[in-house]
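Worksheet for the structure shown next.
Basis for what follows: all heavy atoms, side chains included, without hydrogens, waters or symmetry-related copies.
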Amino acid sequence: MSIVKINALTVPAEQREVLEQRFASRAGTVEGSDGFEWFELLRPVEGTDQYLVYTRWRSEEDFQAWMEGPMKAAHQGGGAGAGGGSGAGGGSGAGERPKPAASGSTVWSFEVVQQAAPKPQG
């Protein structure tokens with residue numbers, strides 16, 4: 001079964017909009033990667049200042065290939081962590097890199113051992 005990478009990004013309140021805009025402008029950089037299955041950016045509602053970047057991959061090898069190729073190229077010289085990109089680096093690649101939106105990053109790895117989808121209605 002698949003593997004899941006969750007990047008827990010600590011984002012101060014004043015940087016939330018910046019982080020979300022950087023992810024919105026990432027223009028589907030991960031979606032075309034071999035073995036990529038799913039992405040979600042989860043905004044905290046209460047009790048934490050951590051955003052969760054959820055990505056699901058066919059295998060650890062597919063994730064590592066993305067990390068060493070497209071993700072590394074997108075974050076060369078900046079960014080904070082992995083697991084779907086940090087959104088912390090951003091920028092156009094020209095000139096000075098913008099200040100990271102996240103002040104910390106922790107990556108969690110999981111194997112999917114069970115999953116379920118909604119039952120068809122009707």
| field | Step-by-step side chain to side chain donor-acceptor pair (under 3.5 Å) determination, Thr55 to Trp57 | value | CA-CA 7 Å; Thr55 57; Trp57 298 85; 3.0 Å; yes
Evaluate the side-chain proximity of [Y] to [X]: yes if any heavy-atom separation is below 4.5 Å, no if none is.
X      : Y     : value
Leu19  : Arg16 : no
Phe23  : Val53 : yes
Val107 : Ile6  : no
Val11  : Asp49 : no
Tyr54  : Trp38 : yes
Tyr51  : Leu41 : yes
Ser2   : Arg56 : yes
Arg58  : Ile3  : no

| Atom CD of Gln50 and atom OG of Ser103: how far apart are they, to the nearest 0.5 Å? | 9.0 Å
| field | Value rounded to 0.5 Å, distance of CG in Asn7 from CG in Leu52 | value | 9.0 Å
| field | Output field: ring centroids Trp66/Phe36 closer than 6.0 Å | value | no
| task | Starting from the C-alpha separation in whole Å, work towards a yes-or-no answer on side chain to side chain donor-acceptor pair (under 3.5 Å) for Glu17 and Gln21. | result | CA-CA 6 Å; Glu17 188 174 332; Gln21 287 177 352; 3.1 Å; yes
| Working for side-chain contact (heavy atoms from CB on, under 4.5 Å), residues Glu111 and Met1 | CA-CA 7 Å; Glu111 292 179 328; Met1 282 207 160; over 6 Å; no
| query | Which heavy-atom pair separates Thr10 from Pro12 by the least distance, and what is that distance? | reply | O-CD, 3.9 Å
| query | Counting heavy atoms not belonging to Glu14, are there more than 12 under 6.0 Å from its CD? | reply | yes
| said: Can you tell whether the side chains of Glu60 and Lys5 come within less than 4.0 Å, N to carboxylate O? | reply: yes
